[in-house]
Asker: 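Structure provided below as C-alpha cells; questions to follow.
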Amino acid sequence: MLYLIGLGLSSVEDITVRGLKVVQKCARVYLEAYTSILMAASKEDLESFYGREVILADRELVESSSGTILDGADRVDVAFLVVGDPFGATTHTDLAIRARSLGIPFEAIHNASIMNAVGACGLQLYNFGQTVSLVFFTDNWKPDSFYDRIKENRKIGLHTLVLLDIKVKEQSFENMARGRMIYEPPRYMNIETAASQLLEIEDFRNEKVYTTETPCVSVSRLGSSAQKFVAATLGELAEIESGEPLHSLVILGHRIHEMEIEYLLEFATSKTKYQRAVEAELEAAKAMHPPAQVEEAED
Ligand SMILES: C[S@@+](CC[C@H](N)C(=O)[O-])C[C@H]1O[C@@H](n2cnc3c(N)ncnc32)[C@H](O)[C@@H]1O
C-alpha cells in the first residue's frame, strides 16, 4: 500500500495520530522535499520523532524516477510524506495516478494545508477564487499567466491566494551545461519580491487588474510560533521586510464581508489607510457593476 501522508504546517508533532502510526509500520518512508518545507523541523528531527529512517525525495526522484518509490508497494507499505496536505500541491496527484495504473492501492491521510489554514488571516475560505503561483522572474523569463487568473477572480469579487516560489536543489545554467552536480543554496520568495513582481506585470499588461493601492494581506510562517499577518496595500507590501520563509499573499476581492474587514484591521500597518483602501475597492466595484434599476410598474 502507498500512503500519502500530510505532515501539517510546522512542527514534527503536527502529523496526525493515524499518520504517525502508519509511518511507524511502513517498510520505507520518503519525505517530499521540494514543494514546501516543515518550518520547525529538520529531516533528523523527523527521524528521531518517528524512530525511523526518512529518505529525502527530490523533484527528480518523484517526477522522473517514481518507480523507485513505488517499487514493491503492492507487497509492502510505503509512506510518502508531504508538508501540509498531500493534495495541497498539484504534483502528488500524478504519483497517485501512477500507483493506480500499476495496481498499487493507495490511501491519503490528510492534514492542515496552506489552502485551508489561510483562513486564519480572517478571510473566509468560501470567498476565495482560483489560487495562483508566482515563480522567481529572471532577466528574460517573466511568466505572467497568473495575471489572467487574478483578473477573473477580481471580476467576480473573490480573494486570490498567491503561493510563492521555492527553489531547492536548483543548478545554475553554467553548472547544468557543464554537467556538474553542484546545487545552488535554497531560495524562498518573500513578500516584498512577490508584491514587486505582481506590480511589474501590472505595469507591463496595464489592464488595471490591481494597483499599488489594492488591499492585500501577507501570510508569513502560518502555523508556526512566528506566524505573522500584515494587512497593507500591494505597494506597501513591496517595501516591507517579511523575514524567514514561508510566505503567501492574498489579494482582496470586493465581495469582502464586514466581519472579514474587522478581523483584518487588527493586522493593518495603518488602520485608517487600510480601511480607506478597502472602501475605495468597494466604491470602484459599485461603479463597475451598479445595482440593477427596478422599473416602476405602470397601472
Ligand atoms: C506548492 S505549495 C505546497 C502546499 C502544501 N502541500 C500544503 O498543503 O500546504 C507551497 C507554497 O505554499 C505556501 N505555504 C506553504 N506553507 C505555508 C505557510 N506555513 N505559511 C505561508 N505560506 C505557506 C508558500 O507560498 C509555499 O511556497
Side-chain angles (χ1 to χ4, degrees), residues 3-16 19 30-42 46 56-59 62-63 79-96 108-123 125 128 130-137 143 145-146 149-150 159-170 185-198 216-231 237 240-251 267:
Y3 289 96
L4 302 177
I5 304 175
L7 296 188
L9 293 173
S10 175
S11 135
V12 281
E13 296 178 351
D14 287 346
I15 190 168
T16 61
Y30 294 93
L31 171 65
E32 186 269 275
Y34 61 94
T35 64
S36 200
I37 52 164
L38 205 54
M39 291 174 289
S42 63
L46 293 177
L56 282 186
D58 58 18
R59 189 184 291 280
V62 179
E63 293 179 4
F80 184 76
L81 311 181
V82 180
V83 174
D85 186 84
F87 293 112
T90 46
T91 334
H92 306 312
T93 313
D94 193 43
L95 188 63
I109 301 181
H110 297 285
N111 211 316
S113 164
I114 181 64
M115 304 287 287
N116 66 292
V118 67
C121 74
L123 295 173
L125 296 179
F128 277 76
Q130 305 163 86
T131 298
V132 300
S133 299
L134 194 58
V135 299
F136 278 111
F137 288 173
S145 58
F146 61 83
R149 304 286 87 73
I150 299 175
H159 311 315
T160 306
L161 172 62
V162 186
L163 300 179
L164 313 187
D165 200 6
I166 289 181
K167 291 250 181 282
V168 284
K169 223 176 162 193
E170 293 281 321
R187 287 198 298 154
Y188 306 96
M189 190 184 288
N190 58 25
I191 296 294
E192 40 283 41
T193 304
S196 305
Q197 288 195 179
L198 284 164
C216 297
V217 56
S218 69
V219 177
S220 295
R221 302 168 292 276
L222 185 59
S224 78
S225 54
Q227 167 177 301
K228 189 170 180 191
F229 305 116
V230 179
L237 289 181
I240 67 166
E241 269 189 34
S242 52
E244 294 292 305
L246 294 164
H247 307 279
S248 299
L249 187 151
V250 184
I251 303 174
F267 310 124

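Because only heavy atoms are used, hydrogens play no part in the values below, and waters and symmetry mates are left out as well, while side chains stay in. Just follow the structure's listing: the first ligand is 1, and inside any ligand the first atom is 1.
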Asker: If the cut-off is 4.0 Å to any non-hydrogen atom of G84, which atoms of ligand 1 fall inside it?
Answerer: 7 (C), 8 (O), 9 (O)

Asker: Apply ring pair (Phe, Tyr, Trp, His ring centres under 6.0 Å) to H92 and list each qualifying residue two or more places apart in sequence or on a separate chain.
Answerer: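 Once residues adjacent in sequence are excluded, the partners of H92 under the ring pair (Phe, Tyr, Trp, His ring centres under 6.0 Å) criterion are F80.
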
Asker: Under 4.0 Å from any heavy atom of V219, which atoms of ligand 1 are there?
Answerer: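 Result: 21 (C).
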
Asker: For atom 16 (N) of ligand 1, find the nearest protein heavy atom and state the residue, atom name and distance (0.1 Å precision).
Answerer: L246 CD1, 3.5 Å

Asker: Going through the distances and angles, do V62 and Y30 end up as a side chain to side chain contact (heavy atoms under 4.5 Å, CB included)?
Answerer: CA-CA 10 Å; V62 179; Y30 294 93; over 6 Å; no

Asker: Using a 4.5 Å cut-off on heavy atoms from C-beta on, say whether the side chain of L4 contacts that of V82.
Answerer: no

Asker: My understanding is that only one of V12, D14, D85, L31 makes a side chain to side chain contact (heavy atoms under 4.5 Å, CB included) with L7; could you say which?
Answerer: L31

Asker: Which is closest to atom 5 (C) of ligand 1 in terms of heavy atoms, I114, L163, V83?
Answerer: V83

Asker: What protein heavy atom lies closest to atom 22 (N) of ligand 1? Include the residue and the distance to one decimal.
Answerer: S248 OG, 2.8 Å

Asker: Within the side chain of N111, is there an N or O that forms a donor-acceptor pair under 3.5 Å with the backbone of G84?
Answerer: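 No, the answer is negative, given that no donor and acceptor are paired below the 3.5 Å cut-off.
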
Asker: Mind checking whether H247 has a heavy atom under 4.0 Å from ligand 1?
Answerer: yes

Asker: Is it the side chain, the backbone, both or neither of L222 that has a heavy atom closer than 4.0 Å to ligand 1?
Answerer: both

Asker: Side chain, backbone, both or neither: which part of R221 has a heavy atom under 4.0 Å from ligand 1?
Answerer: backbone

Asker: Taking 4.0 angstrom as the limit and counting only heavy atoms of D85, give me the atoms of ligand 1 inside it, by number and element.
Answerer: 6 (N), 7 (C), 8 (O)

Asker: Identify the closest protein heavy atom to atom 10 (C) of ligand 1: which residue and atom is it, and at what distance?
Answerer: T35 O, 3.1 Å

Asker: Which atoms from ligand 1 have a heavy atom of I166 less than 4.0 Å away?
Answerer: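 Under 4.0 Å from I166, ligand 1 has these atoms: 26 (C), 27 (O).
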
Asker: With a 4.0 Å cut-off on heavy atoms, does S36 reach ligand 1?
Answerer: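 Right, S36 reaches ligand 1.
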
Asker: How far is atom 8 (O) of ligand 1 from its nearest protein heavy atom, and which residue and atom is that?
Answerer: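 Looking at atom 8 (O) of ligand 1, the protein heavy atom closest to it is S113 OG, 2.7 Å.
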
Asker: Take L246 and L164, measure what side chain to side chain contact (heavy atoms under 4.5 Å, CB included) needs, and give me the verdict at the end.
Answerer: CA-CA 8 Å; L246 294 164; L164 313 187; over 6 Å; no

Asker: List the closest protein heavy-atom neighbour of atom 4 (C) of ligand 1: residue, atom name, distance to the nearest 0.1 Å.
Answerer: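 Ranked first by proximity to atom 4 (C) of ligand 1 is G88 O, 3.5 Å.
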
Asker: Which protein heavy atom lies closest to atom 27 (O) of ligand 1, and at what distance to 0.1 Å?
Answerer: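 Atom 27 (O) of ligand 1 sits closest to the protein heavy atom L164 O, 2.5 Å.
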
Asker: Is ligand 1 less than 4.0 angstrom away from at least one heavy atom of M39?
Answerer: yes

Asker: Is there side-chain contact between E32 and Y34, with heavy atoms separated by less than 4.5 Å?
Answerer: yes

Asker: Heavy-atom distance under 4.5 Å between the side chains of T160 and R149, does that happen here?
Answerer: no

Asker: Should the pair F87 and H110 be assigned to parallel (<30°), tilted (30 to 60°) or perpendicular (>60°) ring geometry?
Answerer: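 If you compare the ring of F87 with that of H110, the planes turn out tilted.
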
Asker: How would you list all residue pairs meeting side-chain hydrogen bond (donor to acceptor under 3.5 Å, both in side chains) that involve residues 240-249, not counting sequence neighbours?
Answerer: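 Every pair satisfying side-chain hydrogen bond (donor to acceptor under 3.5 Å, both in side chains) with a residue in residues 240-249: E192-S242, S220-H247.
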
